[in-house]
Amino acid sequence: MESKALIYYICRLKFYVFVMESILKEKIKEAIKSLYNSEVADSLIQIQETKKDFKGDFTLVVFPILRFSKNTPEQTGIEIGNYLIENFSVFSEYNVIKGFLNLIISDSWWVELFSKMSQVKDHCASCMVDNPQTILVEYSSPNTNKPLHLGHIRNNLLGYSLYRILSTCGHRVIKTNIVNDRGIHICKSMLAWIKFGNGETPETSGMKGDHLVGKYYVLFEKELKQQSEQLLKKGIDEETARNSAPLMLEAREMLLKWEAGDKEVFDLWTMMNSWVYKGFNETYEKLGVDFDKIYYESDTYKYGKEIVSKALNSNILYKNSDSSVWADLTSDGLDQKLLLRSDGTAVYITQDLGTACIRHEEFNFDKCIYVVGNEQNYHFQVLKAILKKMGYQWADGLIHFSYGMVELPEGRMKSREGTIVDADDLIKEMTDTAREVSLELGKLENYSNEEREEIFRQIGLGALKYFILKVDPRKNMTFNPVDSIDFNGNTGPFIQYTYARIRSVLKKATENNLKEDLMSVTSVKQTDKELQLIKILRKFPFVVSEAAVAYSPAIIANYCYDLSKEYNQFYHDHSILSDEDENIRSFRLVLSRVTSEILNSGMSLLGIEMPERM
RNA sequence: GGCCCUAUAGUUCAAUGGAUAGAAUGGAGGUUUCCUAAACCUUAGAUUCAGGUUCGAUUCCUGGUAGGGCUACCA
């Protein structure tokens with residue numbers, strides 16, 4: 001992940017590509033050259049949007065220019081302001097407050113711009129990058145011993161949204177998943193199932209497959225705890241007790257058998273995994289995410305072991321006296337890292353090495369973005385360092401998209417305390433709440449059950465997705481179940497509602513045979529609120545580009561909220577269909593239509609569906 | 001112990017080194033004969049502490065405090 005400073009640097013470069021900002025900067029440089037006979041470095045021309053409380057569109061921070069003007073901030077601002085007004089017609093006025101030169105762009109320029117925007121089919125078209133890349137996005141990465149939970153939901157939503165955003169910007173994006181389907185954890189579930197399962201299957205139990213396998217994992221841990229407690233009483237320390245308990249020894253043995261290809265173990269493993277995959281697929285489908293290519297650790301770990309042996313032969317790695325294999329990363333400021341156990345079995349990172357190589361051979365990617373929680377920051381440092389050590393230069397393109405943990409109001413989710421929020425339960429609860437709220441408000445009374453259920457689903461998921469995606473991915477977030485089902489304020493349903501109201505107006509316009517006349521855009525006199533709406537609509541492509549560079553769906557989420565808020569104010573203060581003036585009616589129709597299109601595009605980049613009515 | 005991350009209204013989130021730190025929610029009050037009141041309006045309320053760099057610091061640097069993570073022959 002690039003540093004924050006670098007991200008902003010890139011953003012700024014990109015922004016100047018866009019029309020108004022680049023014009024502004026050039027004109028200001030021209031003004032300074034003419035007034036003070038000085039060439040100014042770009043970095044000294046600081047342009048920002050004017051704060052709401054002041055009159056203006058763009059603001060030049062004058063302080064850095066003082067070294068050229070050798071004058072007070074006030075005077076310098078006035079001089080530059082006068083020059084711009086006299087020489088360039090896009091500027092209609094200016095004012096100087098303290099060290100800030102507030103420039104006002106003429107209304108006609110904004111209106112002209114909006115007129116063009118209203119004829120554009122794809123509002124993301126200008127986000128296309130000049131150099132498209134091949135990018136793999138890895139997300140979800142479940143273990144096959146437990147169902148998906150709230151943490152996976154954040155992961156999946158971020159990964160999927162990242163895919164939407166990057167591909168909208170013109171990159172070739174491949175959605176991938178690595179399923180951690182082997183290892184000691186799945187042996188634990190298998191062992192418990194053999195011992196206590198009595199042949200139970202998803203069919204006989206009526207349980208979703210991933211939940212059923214999860215049940216046996218929990219059972220294993222419970223039994224193991226009892227066994228370790230027995231040993232603890234004999235005065236053995238906790239760690240040793242856990243590791244030497246009979247169940248644990250059996251699980252280890254099973255892992256060895258699995259790696260040796262023991263048929264009985266392998267068949268059981270295949271069966272139980274197939275239950276889990278069926279369950280996962282249901283959850284993914286409900287969540288609206290999918291993958292282009294799914295990798296399985298059970299395939300890739302072999303290749304991982306191969307490249308480890310190869311590197312061992314080239315003396316890049318070393319073998320310990322107990323024949324475990326290690327990488328020495330002290331020269332990179334990291335530690336020694338185990339790559340193969342003394343019994344020759346692979347560890348977690350071994351398969352990640354293999355997976356990375358396989359992916360590179362398969363896709364020759366420019367970047368491979370791992371959507372994985374920040375608890376694995378060290379893991380990815382190590383992964384990259386080892387690959388580089390092995391001579392794979394492309395490892396520079398591995399990016400750990402390190403997102404923050406999801407916590408509950410009472411702290412971290414803990415399986416031992418039963419506070420894990422299950423993904424399937426959560427999705428269901430959100431839909432149920434949407435249904436409850438809608439019915440209570442008496443909405444959708446004249447629609448069929450199927451239509452209503454579809455809308456409840458969209459609202460429930462919209463609420464969940466927005467609640468999670470509006471937060472800066474890098475930060476830990478608190479998931480408060482009570483807040484998450486609130487559909488008022490800064491929420492997904494608020495934005496969906498704004499959209500649904502617009503769609504309703506547009507529908508009514510069609511019914512009443514009111515048509516858009518694009519000439520109306522330039523022929524009417526806009527109100528302040530209308531101009532404000534135009535100005536925020538214009539920012540959409542900037543926002544998408546910024547989100548792509550910063551890997552942050554949150555930027556788009558917050559934009560959609562701002563836009564909705566702005567539109568709702570407009571909607572409240574203006575009538576659209578019942579205004580007397582035909583041109584005004586038409587213009588407001590265009591304004592509403594473009595708003596709905598941009599809201600829809602923005603939310604679809606978050607993977608959120610928009611109901612036509614609600 | 002070592003390394004990393006975080007700290008903003010009661011709460012959940014915003015804020016390129018720039019102006020009077022924005023929203024939402026909760027609190028108090030108001031708006032519907034009119035295109036969906038899941039809306040709109042008014043109001044009170046915050047940068048963890050101590051230094052430093054700077055014309056200017058929530059933002060950058062150092063230290064303290066508090067919280068979280070990593071430091072497995074777990075994944």
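Proteins come first, then strands; the chains are lettered A, B, ... in the order of their sequence lines, and each starts at number 1. Worth saying up front: this structure is predicted, and the values here are computed from it rather than measured. Heavy atoms only: backbone and side chains are in, while hydrogens, waters and symmetry mates are out.
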Counting only Watson-Crick or G-U wobble pairs whose two distances fall under 3.5 Å, which nucleotide matches [N]?
{"N": "B/U8", "value": "none"}
{"N": "B/U54", "value": "none"}
{"N": "B/U43", "value": "B/G27"}
{"N": "B/C70", "value": "B/G2"}

How long is the line joining [atom1] of [X] and [atom2] of [N], in whole Å?
{"X": "A/Leu329", "N": "B/U71", "atom1": "CG", "atom2": "P", "answer": "14 Å"}
{"X": "A/Glu138", "N": "B/A75", "atom1": "CD", "atom2": "C1'", "answer": "13 Å"}
{"X": "A/Lys475", "N": "B/C4", "atom1": "NZ", "atom2": "C1'", "answer": "17 Å"}
{"X": "A/Asp335", "N": "B/C3", "atom1": "CG", "atom2": "C1'", "answer": "9 Å"}
{"X": "A/Gln48", "N": "B/A21", "atom1": "CD", "atom2": "P", "answer": "15 Å"}
{"X": "A/Met477", "N": "B/G67", "atom1": "CE", "atom2": "C1'", "answer": "18 Å"}
{"X": "A/Met614", "N": "B/A37", "atom1": "CE", "atom2": "P", "answer": "12 Å"}
{"X": "A/Lys443", "N": "B/A38", "atom1": "NZ", "atom2": "P", "answer": "4 Å"}

When you compare [N] with [M], how far apart are their [atom1] atoms, in angstrom units rounded to a whole number?
{"N": "B/C49", "M": "B/U65", "atom1": "P", "value": "16 Å"}
{"N": "B/U58", "M": "B/A21", "atom1": "C1'", "value": "7 Å"}
{"N": "B/A24", "M": "B/C41", "atom1": "C1'", "value": "16 Å"}
{"N": "B/U12", "M": "B/G26", "atom1": "P", "value": "15 Å"}
{"N": "B/U6", "M": "B/C13", "atom1": "P", "value": "15 Å"}
{"N": "B/U47", "M": "B/A9", "atom1": "C1'", "value": "10 Å"}
{"N": "B/G30", "M": "B/U48", "atom1": "C1'", "value": "37 Å"}

Contact class for [X] vs. all strands (heavy atom < 4.0 Å): base, sugar-phosphate, or nothing?
{"X": "A/Ile576", "answer": "base"}
{"X": "A/Asn145", "answer": "nothing"}
{"X": "A/Asn568", "answer": "sugar-phosphate"}
{"X": "A/Ser324", "answer": "base"}
{"X": "A/Val61", "answer": "base"}
{"X": "A/Gln496", "answer": "nothing"}
{"X": "A/Arg412", "answer": "sugar-phosphate"}
{"X": "A/Ala500", "answer": "base"}
{"X": "A/Phe54", "answer": "base"}
{"X": "A/Arg588", "answer": "nothing"}

Hey, which of these two, A/Leu255 or A/Ile97, hits RNA chain B nearer its 5' end, going by closest nucleotide?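 Looking at RNA chain B, the more 5' nearest nucleotide goes with A/Ile97.
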Find which nucleotide of RNA chain B each of A/Asn377 and A/Ala434 is nearest to by heavy atoms, and output the residue with the more 5' nucleotide. A/Asn377
Gap between atom CD1 of A/Ile186 and atom CD of A/Glu297 - 0.5 Å precision: 11.0 Å
Assess the side chains of A/Thr433 and A/Glu436: does a donor N or O sit below 3.5 Å from an acceptor N or O? no
Looking at [X] and [N], is any side-chain donor or acceptor paired with a base atom of the opposite kind under 3.5 Å?
{"X": "A/Thr59", "N": "B/A19", "answer": "yes"}
{"X": "A/Ser438", "N": "B/A38", "answer": "yes"}
{"X": "A/Asn102", "N": "B/A19", "answer": "yes"}

Would one find a side-chain N or O of [X] under 4.0 angstrom from OP1 or OP2 of [N]?
{"X": "A/Lys51", "N": "B/A15", "result": "no"}
{"X": "A/Arg341", "N": "B/C74", "result": "yes"}
{"X": "A/Ser575", "N": "B/C35", "result": "no"}
{"X": "A/Arg501", "N": "B/A37", "result": "yes"}
{"X": "A/Arg474", "N": "B/C13", "result": "no"}
{"X": "A/Lys508", "N": "B/U36", "result": "yes"}
{"X": "A/Lys98", "N": "B/A19", "result": "no"}
{"X": "A/Gln569", "N": "B/C41", "result": "yes"}

Of A/Ile104, A/Asn102, A/Leu60, A/Ile78, which is the lone residue that meets side chain to side chain contact (heavy atoms under 4.5 Å, CB included) with A/Tyr94? A/Ile78
Ring centroids only, cut at 6.0 angstrom: are [X] and [Y] within range, meaning strictly under it?
{"X": "A/Tyr497", "Y": "A/Phe487", "value": "no"}
{"X": "A/Phe494", "Y": "A/Tyr561", "value": "yes"}
{"X": "A/Tyr296", "Y": "A/Trp269", "value": "no"}

Could you say whether the aromatic ring of [X] and the base of [N] stack, counting only centre distances under 5.5 Å and plane angles under 30°?
{"X": "A/Tyr571", "N": "B/A39", "result": "no"}
{"X": "A/Tyr497", "N": "B/A39", "result": "no"}
{"X": "A/Phe63", "N": "B/G18", "result": "yes"}

Once the angle between the rings of A/Phe401 and A/Tyr551 is folded into 0 to 90°, is it parallel (under 30°), tilted (30 to 60°) or perpendicular (over 60°)?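 Aromatic pair A/Phe401/A/Tyr551 classed perpendicular.
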Quick one, A/Leu589 with A/Ile576, criterion side-chain contact (heavy atoms from CB on, under 4.5 Å). Give me CA distance, side-chain angles, the key distance, then yes/no. CA-CA 7 Å; A/Leu589 216 48; A/Ile576 300 165; 4.1 Å; yes
Among B/A39, B/C40, B/C35, which is the nearest nucleotide to the side chain of A/Asn488? B/A39
In sequence, state the C-alpha distance, the side-chain angles, and the governing distance for A/Asp53 and A/Lys51, and then conclude on salt bridge (charged side-chain N to carboxylate O under 4.0 Å, His left out). CA-CA 6 Å; A/Asp53 300 331; A/Lys51 299 250 181 204; over 6 Å; no
